[in-house]
Every structure is written in structure tokens, then in C-alpha cells.
Amino acid sequence: MELNSRAPSGPLEKKWSNHRFSNKLVNPANRRKFSIIVVGTGLAGASASATLAEQGYQVKTFCIQDSPRRAHSIAAQGGINAAKNYQNDGDSIHRLFYDTIKGGDFRAREANVYRLAEVSNQIIDQCVAQGVPFAREYGGTLANRSFGGAQVSRTFYARGQTGQQLLLGAYGALSRQIHSGRVKMYTRREMMDVVVVDGRARGITVRNVMTGEIESHVADVVILATGGYGNVYFLSTNAMASNVTAAWRAHKRGAGFANPSFVQIHPTCIPVHGDYQSKLTLMSESLRNDGRVWVPKTKGDTRKPADIPESDRDYYLENKYPSFGNLVPRDVASRNAKEQCDYGKGVGTTGLAVYLDFADAIKRDGRDTIYKKYGNLFQMYEKITDSDPMVEPMMIYPAVHYTMGGLWVDYDLMTTIPGLFAIGECNFSDHGANRLGASALMQGLADGYFIIATSIAHYLGTHKLEKISEHADPFIDSKRWVDDRISKMLKNSVGGSAGKFTVDEIHKELGRLMWDNCGMARNKAGLEAALEELPKIRKKFWDSVYLPGTNKEINQSLERAGRVADFLEFGEIMIRDALAREESCGCHLREESQTEENEAKRDDVNFSHVSVWEHAGNEKAPVMHKEPLVFEYVTPSQRSYK
């Protein structure tokens with residue numbers, strides 16, 4: 001497997017502009033001759049579809065949901081970063097670049113991260129022009145707030161629903177192209193396979209989840225914008241339909257999978273409250289601007305928070321990290337919350353929670369000001385927990401939220417399969433071992449609005465592609481493989497459910513295994529045990545899963561089963577990747593690699609690389625390749641937020 005990043009040479013601040021100039025172009029009159037498939041309609045997918053169609057390409061766009069507006073990007077709350085420096089507090093493109101690469105614990109490519117910071121300002125201009133209702137100051141200028149891992153205010157926001165407003169902007173642009181006829185929208189389709197012809201991606205196989213029909217679609221280029229794989233843990237803040245299937249299909253067809261063990265645990269989530277939950281709920285990181293995180297100083301203190309005086313409270317983030325306080329990066333805040341609970345100082349009935357307290361902010365700024373900032377988040381919290389954050393502290397605990405790992409891509413966002421591109425969360429490119437808050441929306445829109453069109457033009461301008469039919473052998477073979485796999489999943493349903501297991505029962509078992517052994521903290525013994533246990537769960541699935549219904553109708557059990565089957569395979573490379581990386585970095589904490597103060601301890605001599613996994617065939621161990629990381633403009637150092 002060749003891993004050529006194709007990062008351009010030259011000064012860092014000139015790489016992107018020089019790259020755009022040197023890339024091939026496609027004449028506007030010729031663009032209508034090319035067809036492009038986009039899978040996914042979140043921020044990355046919707047913006048890419050709209051942008052490419054606006055340029056004149058013929059675009060087919062696919063989503064699982066009944067409307068593109070239901071993509072999981074809609075759930076993002078806190079904001080989007082950009083280096084506008086409206087606050088005049090010392091921000092710049094270079095500072096955003098440095099904060100992002102440092103926040104990722106120096107495990108990302110310099111060129112990609114600088115481009116992201118450079119494009120960030122254009123994103124805000126684009127979204128304002130679309131009418132996205134960003135918060136504004138009294139005088140009308142765009143407002144900013146602070147997020148973790150930065151000492152400047154660079155986060156633009158729309159109350160606590162920034163993702164929704166940005167997605168509506170992208171959806172509006174997409175809808176315009178659907179109306180013009182340049183985008184053909186396919187809803188309620190789930191991608192089941194990538195079709196590779198003569199070594200190039202030339203289409204996809206999808207299942208119509210309403211009718212069960214298996215369809216083939218042909219194109220000159222395929223773009224995956226299908227999000228992350230956090231639901232491998234069963235409980236996460238992701239939408240229930242979020243999955244790894246599209247990326248995993250691409251991987252099994254030859255696309256390298258990079259850093260699969262890099263999973264972000266978000267520190268500000270509503271804690272688990274029972275065995276029957278199907279997902280977890282995020283509370284925006286923006287709350288840590290005004291909320292103070294604390295636990296009782298004494299183990300096992302069960303007093304109500306109002307009864308615990310200041311002298312008996314431990315504001316552990318403020319005490320331990322005075323420079324950043326409650327706005328340390330997510331991985332640092334999450335590990336410290338776990339550490340406090342492990343010490344026996346956790347709160348709530350489970351002891352797996354810490355307090356996020358707004359009392360001081362309310363006294364300082366007034367109830368109305370705090371409610372204007374966070375009212376919708378407070379309402380959500382109260383509806384779920386029956387507790388009012390204006391009266392008593394929130395209880396929060398870390399939960400799986402985002403995945404930095406994903407399909408390996410080069411500087412043009414192309415995978416190791418020519419003609420197959422990956423954008424947004426489903427690629428690995430920008431965040432290293434830990435994503436800073438408010439950077440996911442930035443990456444999705446940077447990839448979709450400003451980067452992918454340049455890459456597509458260069459690919460189409462440098463390759464002559466033969467016309468191909470959906471009746472060609474590779475498409476027929478792909479449909480046959482999908483049909484056979486579905487039949488195999490349904491075979492156990494004959495004879496009823498006695499002695500069988502539901503999809504969710506097996507998914508929960510997988511999730512517990514992954515969380516306990518490949519979650520917030522990992523060690524060699526636990527990872528090896530998980531690697532031994534995982535095939536047993538996989539066998540239980542294929543031998544004993546019960547799926548009611550047929551494949552010729554709406555069958556959500558069948559949909560979930562297909563996704564869980566892929567998680568059961570994908571979990572293996574997650575564990576192997578965590579086992580191979582014998583260092584701590586960002587979200588990946590190996591207990592064997594810590595400082596005396598229990599901070600993550602990197603090993604730049606042996607692990608300053610991207611781990612890229614190649615599928616070697618069914619029943620064969622995957623093969624790991626390495627892309628070395630070279631730093632010319634920053635010097636990797638031990639991260640400190642003290």
C-alpha cells in the first residue's frame with residue numbers, strides 16, 4: 001500500500017495557494033460530462049454536493065434519512081472556529097494552526113492543519129452570506145466565545161444549535177441544486193459497497209431501506225462523507241443511525257484505515273442512568289466558559305451540592321491547570337473527571353459524575369444573561385434529568401463523541417483507492433490524536449465548500465475514464481455479495497426467537513468490551529483480552545442473532561444488524577491499533593505511558609507516525625503501514641495547559 005501524502009512543497013503559508021495553481025482544472029463546459037456520487041448529507045456531504053453541482057458537475061447524493069436535514073451534523077451545539085481575530089486578542093491563522101496541531105498532540109500533518117486554519121475565515125464569510133444567524137454583539141458585529149485548548153475567543157456560534165443552523169445553510173444551497181436538476185437526491189438509501197473497476201472507484205451499491213431493493217449507481221468519482229464510528233461503543237452521543245459501514249466497505253475494497261484507536265471522549269455529557277439507554281446526550285463544551293467543574297474534597301461525600309461549602313469543594317481543573325482552568329482540551333478534562341471518580345469522589349447515585357456549577361456566573365452576570373447564552377441547553381438537561389441547572393449544578397461525565405481516526409487520505413483528500421475521496425469526520429486528516437472543540441464543523445465545511453472541488457478537478461483532469469455500465473460484472477458481483485450477506489444474517493430467524501439474541505443485546509456486549517478495554521484508558525493486558533474475546537462475540541452474532549421480518553420491507557432490525565456486523569469486524573483493528581501504539585497521546589491513554597502526574601506521555605522517537613491498516617483478506621490479520629510525520633514549522637513538545 002503506497003502512502004504518499006502529496007503534501008506540496010514550499011513555505012507553509014503558500015502550500016495551499018501553490019497547490020491550487022498547480023492542479024489541473026476542468027473547463028466549465030466539460031464539467032457537465034462528469035458524474036459524481038456523494039454519500040452523506042451532513043455538513044461535509046451537503047456542502048460538497050452543493051459546491052460541485054454549482055460548478056456544473058452532475059451529482060448524485062445519498063443519505064439514510066428521509067431528508068438531508070436529518071444528518072447528525074444537526075446535533076452539534078457549541079460553535080465553529082475561525083481565525084478572524086474580531087476580539088483583537090492575539091488570534092491569527094498561525095495561532096489557530098498551532099493550537100489545533102498541539103491540541104492533537106502533534107499527530108497530524110502540518111500541511112493539512114495549516115490549510116484548515118487558512119480556510120476557516122472563508123467559511124464564516126460563506127455562512128454569513130447564506131444567512132446563518134450567528135450570535136452578534138450589541139453593535140451588530142459577530143460574537144465569539146472561548147472553547148477548550150485556546151486562550152483566545154475564536155468560536156462563532158448560534159446559541160446552542162450551531163450545527164443545526166450551519167446545516168440549514170448547506171441544505172439551502174443543496175436544495176437549490178436539487179431544484180436546478182444538477183443534484184439528484186436519493187433518500188432512504190444505505191451504502192452497502194464501493195464498486196472498484198480496474199483499480200478505480202466507479203460507483204456504489206446501495207439498499208433502499210423502504211423496499212429492500214439493491215441498487216447500483218455508476219459515477220466517475222465517489223465521495224464518502226459518512227461521519228464517524230463512535231457507535232462501536234453502543235452508547236455514544238452519536239445518532240443511532242451513525243455507523244462505520246461505508247468506510248468499512250471502502251477499507252475492505254482497498255482503502256487504508258488510519259489511526260482507528262483515536263476516539264474522542266467528550267467531558268461534558270449527561271451521565272449514564274440505566275441499562276436501557278440507547279444513546280447519551282451531549283452538553284456543549286461552551287458551558288465550560290461559565291460553568292465551574294468540581295467534586296467534593298472528601299471521598300464518599302453524599303451531601304447535596306448546596307450543602308457542601310466552598311471549603312469542602314475541589315475545583316480540580318482550576319487548581320491543576322491555572323492557565324486554562326475549565327477550558328482545557330477535551331481529552332485532559334475527560335481523563336481528570338475519570339480520575340476523580342476513580343478516587344471515589346464522583347457524585348450522583350452511580351458515583352460516575354462530576355458537577356458543572358453555574359452559581360458564580362449567575363451571581364456575576366445575572367440569570368437573564370446566562371439563560372440567553374445557554375437556555376436551550378438548560379431546557380434539554382432539565383427535560384432529561386428533571387433538574388434545573390439555574391438552581392443546582394449539572395452532573396456530567398465523559399462519553400464517546402467523535403472519532404479522529406478514519407479513512408487515510410492524501411492532501412487532496414483521496415484514499416488509497418484512486419477516485420474514492422473521504423471528507424469530514426470519516427477521514428483522519430486534521431485532528432491528530434484529539435480534536436479541539438468547535439473544529440469538527442470547521443473541517444466538514446472546509447472540506448466540502450473549499451477543498452474537495454479543487455481535488456476532484458485535478459483527478460478528472462489527469463485521468464481518462466472509460467464509460468461503464470451498471471450492468472458490468474463488478475456491479476453485478478457487488479449486488480450478489482450484498483444479497484448473500486443479507487441472506488446469511490437472516491438465516492437464524494427461521495424457527496423463531498427461542499435461544500437467540502437480539503441485535504441490541506450483542507451490540508451492548510460489544511460496546512462494554514470496547515469501553516472497558518479500549519475506552520478512556522487502555523493497557524496491554526486489557527487490549528489483549530479484548531482481542532481474544534471479540535471473535536466470540538462475532539461468532540455469537542452470526543450463529544444466534546434473531547432478525548424478525550424480511551429483506552423486502554422496512555426492517556430496522558436488519559439495518560442495525562448490518563451495521564453491528566461491521567462494528568464487530570472493525571473493532572478488531574481499533575484494538576490492534578491501540579495495542580500497537582505503546583505511547584499515550586491525546587485521547588489515547590496507555591496506562592503504561594504516563595508522567596509522574598498521570599498526564600499522557602508521548603513517545604516521539606517511536607510513534608511520530610500515522611498508523612494505516614490494510615485489509616489482508618477475511619480471516620487474516622490486518623497489516624499495519626506507517627506514514628511518518630515530519631514537523632518543519634512546529635516543534636513537538638510535551639503538552640502543558642498549566
Side-chain angles (χ1 to χ4, degrees), residues 233 235 237 265-277 280-283 285 287-288 290-322 324-328 330-363 378 381-382 384-401 508 511-512 515-517 519-523 525-526 589 591 594-600 641-642:
Y233 293 92
L235 287 177
T237 65
I265 313 293
H266 197 295
T268 319
C269 302
I270 297 178
V272 175
H273 61 257
D275 293 333
Y276 297 98
Q277 278 181 266
L280 297 172
T281 304
L282 173 70
M283 290 285 103
E285 180 170 319
L287 294 170
R288 289 195 277 141
D290 290 298
R292 300 180 69 193
V293 180
W294 65 275
V295 293
K297 285 184 176 179
T298 307
K299 294 181 182 181
D301 190 336
T302 59
R303 288 178 290 176
K304 292 182 179 179
D307 297 333
I308 301 176
E310 285 289 315
S311 59
D312 290 345
R313 298 181 179 190
D314 180 6
Y315 294 93
Y316 58 89
L317 291 178
E318 296 174 25
N319 297 334
K320 194 172 179 181
Y321 307 99
F324 284 75
N326 295 298
L327 286 174
V328 292
R330 292 173 175 178
D331 60 318
V332 177
S334 293
R335 280 200 298 274
N336 276 271
K338 179 181 184 296
E339 185 177 70
Q340 295 299 320
C341 293
D342 289 347
Y343 288 161
K345 295 162 68 177
V347 300
T349 55
T350 63
L352 294 176
V354 298
Y355 288 127
L356 183 62
D357 198 334
F358 296 89
D360 287 349
I362 291 169
K363 288 177 187 175
F378 284 7
Y381 182 86
E382 184 173 8
I384 293 171
T385 67
D386 196 28
S387 173
D388 183 359
M390 300 291 283
V391 177
E392 57 184 349
M394 283 184 174
M395 286 194 287
I396 57 169
Y397 193 71
V400 173
H401 176 60
K508 285 180 181 179
R512 282 193 296 270
W515 178 254
D516 290 344
N517 299 286
M520 250 193 293
R522 299 103 184 251
N523 59 60
L589 180 74
E591 293 176 351
Q594 301 183 62
T595 67
E596 293 178 358
E597 297 173 318
N598 299 116
E599 300 287 356
Y641 294 95
K642 295 186 176 182

Tell me every residue that passes salt bridge (Lys or Arg N to Asp or Glu O under 4.0 Å) with [X], counting only those two or more places apart in sequence or in another chain.
{"X": "Lys338", "value": "Asp342"}
{"X": "Glu597", "value": "Lys642"}
{"X": "Arg522", "value": "none"}
{"X": "Glu382", "value": "none"}

Are the side chain of [X] and the backbone N or O of [Y] linked by a donor-acceptor pair below 3.5 Å?
{"X": "Arg288", "Y": "Val328", "answer": "yes"}
{"X": "Gln594", "Y": "Glu591", "answer": "yes"}
{"X": "Thr281", "Y": "Ile270", "answer": "no"}

Any chance you could measure Thr268, atom OG1, to Leu282, atom CG, to the nearest 0.5 Å?
7.5 Å
If I take atom CG from residue Leu356 and atom OH from residue Tyr397, how far apart are they, to the nearest 0.5 angstrom?
15.5 Å
Ring pair (Phe, Tyr, Trp, His ring centres under 6.0 Å) filter on Tyr641, not counting sequence neighbours, yields Phe324
Under the ring pair (Phe, Tyr, Trp, His ring centres under 6.0 Å) rule, collect the residues that match up with Tyr316, sequence neighbours excluded.
none
With sequence neighbours excluded, residues passing side chain to side chain donor-acceptor pair (under 3.5 Å) with [X]:
{"X": "Thr237", "result": "His401"}
{"X": "Lys345", "result": "Asp314, Gln340"}
{"X": "Asn336", "result": "Lys320, Tyr321"}
{"X": "Asp516", "result": "none"}

Can you name the side-chain contact (heavy atoms from CB on, under 4.5 Å) partners of Asp307, sequence neighbours left out?
Arg303, Lys304
Step by step, would you call Tyr355 with Arg313 a side-chain contact (heavy atoms from CB on, under 4.5 Å)?
CA-CA 10 Å; Tyr355 288 127; Arg313 298 181 179 190; over 6 Å; no
Here the salt bridge (charged side-chain N to carboxylate O under 4.0 Å, His left out) pairs for residues 387-398, sequence neighbours left out, are none
